[in-house]
Each structure stands twice: as structure tokens, then as C-alpha cells.
Amino acid sequence: MGRRSGLNNNFAFTVLAIVFFVMPSSHLLPQTKPIEGIRENTPQVHALTNANIVQAPGRALDKGTLVLRDGVIIAVGAEVAIPADARIWDYSGLTVYPGLIEPYSHLGLPKEKSSERPAPANEPAQDQKTGVEHWNERVRPNLNVAEVYQPGEEDLKKLRSLGFTAALIVPDKGILCGASALVHLGDGDLSQQILRANVAQHLALTRASIRNRSRSYPNSLMGAIALIRQTLLDAQWYEQANDAYQLKSVGQKKPETNEALAALAPVIQRNQPVVFEIDNDLNFLRAENVAKEFGLNFMVRGCGEEYRVLEQIKASGAAIILPVNFPETPKVETPEDALAVTLEELGHWEAAPSNPKWLQETGITFALTTDDLKNPSDFPGRVR
């Protein structure tokens, strides 16, 4: 959604008349799968004329022309020569703007079955990982979302109807959750929807990620942070041990194969960013401490309470992915109801909708997400 998202009249939803989703047809894309039947190779050229074209916030053409050839924009302007082979579309009264990017979505991820019964506290979980997997089932950085992504057609339509044309698909299970993938939201073969795999590693410091029915380690915030730190230390050791083995050092045995630790090598080398998901303002500070300890390139999926630690966020240099799931209006109709609502809850209810404004004024880079909304269609109204 750009480097910074403002809540002014330039925001896309206030000028939206139409979302023009541009994506080349599947038969026009390079592919390895054999073509069935006669290959179609007819150029597809379209000219959208008389459109209000939003090129950037604060920069728009009142009656512009946009030309596409085979799904690719080749010209935009007030005076554009329309190719002779173009099909002309009159977009008078309609608005065309660049597709939005959903920066944090769990769209298309498989649903995992919950355990039938919790294991006793003194009994290890039955599905404990061994061998090439990590010993802790909630450490899964070797999970690659691009390999398990299976979107439903209706879910794709919901995001497209809001103006999103691409999304970062983020793993939703565990504490070290795995690697995200950037996908486009068009129809077609999955092999052509993945724009980039292994975008970032994702870590969760939330109550939902820590709670587990089996009561296995970790089941506290302190334990989750300890597990993250130990895993990153293990990844450093794993990389050094493999380097030493490659040098054929005397007495150096071949390290065990551990796909989870191997997947963290780009993170340790600072070639891949990490995104911490948090659910309160203090967890931002905890995530920052871990990132500083290991020199990580980090971002944060925020919680809506960032207004409480603005200076710390700005000093960290971290970008924020910001939900807009503002709290519902507290019920205070009766004295009994009012007594049940704390002053902190009232303060957050009043302050939460202004959270993006304060990040903007403090100079913090952020993007808005539909994540955590019960109904993604509420997104435009929340932003307004």
C-alpha cells in the first residue's frame, strides 16, 4: 500500500469507482506444461480511454488513456497513441488505480486437525518431531507456504473486490511458523500465481500461538522467547558446524541433517527478513530485543497498541504491518455494565482508531492489513 498510508482524500477507497484487475491470461505466460490443442498466440491489446487514472497519491489524470498488451501496461498518459490493433474501452466516469497489496493474509492455507485429547503434563506429545524435523512441533521454519497454498475461488474474489491484486500469504501455526510467499490473486494455475517464495520468516509472540492443548513446552511467553532464542543459537551453530565439516577439519564429524535449522540460514546471514506477530505493545519491545541480540532484519505485524510505544518503534527502524480491528464500543448502558469496563479498556477504545494517524505523524513506515477482521469487507469502512 505504499511506503506510508495516509488517511486523507488521496486514499484509494475514497476515489474508488472501479478496480481494474490486470493479469495476463494463463495461455500467454511462459510455462513448462504441454499445451493441449492449438496454442493461442493472438496479441491481446486494450486501450482504456477517458479514465480517471490514479498514478500515485496526489497525482491523477482526469481523462487519461492506459494501454495494455498481453496483460502488461505499455503506456499511460493524457495523450497516448492508441495502437491500431487495440480494442478501445470508454472508461468515462470510472477510476483506475494500481492494485493494492495485502501484506498479511492466511488465505489458502490448509486447516490442521486439532488433537483428540490433551496429553498429561508429564507425558511428551505423541507427534514430537525427530530426525530432519525440529524436535519441537511448533518450530517449523522449513515450512514453505508456496508448497501448501491452495486458495478457494470465493476467498480470492473477496480480496479482489476490495482492490487487492496481490497478497503476502503468511503461515499461521507455531511459534517459528515458516516462510511466506507473495502471490497474485488472479484465477488460473497455481504454478503461475506464485510471484515469489520464501519472502520472510515469521515468528509469533501471541497468546494464540503459545497456548496448546497438549500443554507441551512452551506454554508461557517466557518459554516461547527462550525457544526462539535457543533455535536461533542452534541455527548459528548448525551453520558453523557445516562450514567446519566442509573444510574437512581434523576430527570434525558430519553434523546431523536438520531442515528446520538449515531453513534459518538466510535469517542468520541477514539475507531474509523476519516478521514478528505480536498482540500487545510490550511484546514489541520483546521482539526488538531478540532482533537486536541476533542482528535480525525485522518487521512487526502489529496489534493496534503501537501508540503507546511510538518513540521505541521509531528508534528501532522497524516497519509495521497494521491491523484495523478496532475494539467494539464498550457496553456501559447500566451502572453494572460500566463497572465491568476498565479505564484502560475505555482509553484503548478511544485511541485505537487514531493509531495509524500517530504512526504517520511519528514518521514510522507502515502498511494496513485486513488480518484479524472477522469480515474483510469491513476493511474500507475501518480505514475511512
| task | Check side chain to side chain contact (heavy atoms under 4.5 Å, CB included) between Glu154 and all other residues, then give those that pass, not counting sequence neighbours. | result | Lys157

| request: May I ask you to check whether over 12 heavy atoms, not counting those of Glu361, lie within 6.0 Å of atom CD? | output: yes

| message | My understanding is that only residues two or more places apart in sequence, or in another chain, count here; which of them pass salt bridge (charged side-chain N to carboxylate O under 4.0 Å, His left out) with Glu277? | response | Arg301

| task | Return the orientation label for the Phe164 and Phe379 ring planes: parallel under 30°, perpendicular over 60°, tilted otherwise. | result | tilted

| For Trp349, which fellow cluster members are found when Ile, Leu, Val, Met, Phe, Trp and Tyr are connected by side-chain heavy-atom distances below 4.5 angstrom, either directly or through intermediates? | none

| Asp172 side chain to Leu109 main-chain N or O, any donor-acceptor pair under 3.5 Å? | no

| query | Does a side-chain heavy-atom distance below 4.5 Å link Leu156 with Leu107? | reply | yes

| task | Would you indicate whether the side-chain heavy atoms of Val275 and Val300 approach each other to under 4.5 Å? | result | no

| query | If you draw a 6.0 Å radius around CD in Glu344, do more than 12 non-hydrogen atoms from other residues or ligands fall strictly inside? | reply | no

| request: List, by chain and number, the other hydrophobic cluster members for Val341, where Ile, Leu, Val, Met, Phe, Trp and Tyr join if side-chain heavy atoms come within less than 4.5 Å, directly or indirectly. | output: Val332, Leu346

| query | Given the rule in the side chain to side chain donor-acceptor pair (under 3.5 Å) test, do Thr334 and Asp337 qualify, once you have shown the distances and angles that lead to the verdict? | reply | CA-CA 5 Å; Thr334 67; Asp337 289 336; 3.1 Å; yes

Please tabulate, for side-chain N and O atoms in residues 73-90, each donor-acceptor pair with protein atoms closer than 3.5 Å (sequence neighbours left out).
residue	atom	partner	partner atom	Å
Asp85	OD1	Arg69	NH2	3.4
Asp85	OD2	Arg69	NH1	3.2
Trp89	NE1	His46	ND1	3.0
Asp90	OD1	Asn50	ND2	3.2
Asp90	OD1	Ser92	N	3.1
Asp90	OD1	Ser92	OG	2.6

| Contacts of Arg207 that satisfy salt bridge (charged side-chain N to carboxylate O under 4.0 Å, His left out) - sequence neighbours left out | Asp279

| remark: Hits for ring pair (Phe, Tyr, Trp, His ring centres under 6.0 Å) against Phe284, two or more places apart or cross-chain, chain-then-number order -> none

| message | For residues 42-51, which residue pairs pass the salt bridge (charged side-chain N to carboxylate O under 4.0 Å, His left out) check, not counting sequence neighbours? | response | none

| query | Is there side-chain contact between Leu264 and Asp234, with at least one heavy-atom pair below 4.5 Å? | reply | no

| message | With rounding to the nearest 0.5 angstrom, report the OG1 to CG distance, Thr231 to Leu233. | response | 8.5 Å

| field | Glu328, CD atom: more than 12 neighbouring heavy atoms under 6.0 Å | value | no

| said: Strictly distance-based, threshold 3.5 Å: is any side-chain N or O of Arg382 a donor or acceptor partner for the main-chain N or O of Pro353? | reply: no

| Of all residues at least two apart in sequence or in a different chain, which pass the salt bridge (charged side-chain N to carboxylate O under 4.0 Å, His left out) check with Arg229? | Glu293

| task | Would you please name every residue forming a salt bridge (charged side-chain N to carboxylate O under 4.0 Å, His left out) with Asp281, sequence neighbours left out? | result | Arg308

| Side chain of Arg140, backbone of Ala260: donor and acceptor closer than 3.5 Å? | no

| said: Going by the rule side chain to side chain contact (heavy atoms under 4.5 Å, CB included), which residues pair with Lys292 if we only count those two or more places apart in sequence or in a different chain? | reply: Glu288

Ignoring hydrogens and angles, write down the donor-acceptor pairs under 3.5 Å from the side chains of residues 312-326, residues two or more places apart or on other chains.
residue	atom	partner	partner atom	Å
Lys314	NZ	Thr362	O	3.3
Ser316	OG	Ile313	O	2.7
Ser316	OG	Ala318	N	3.1

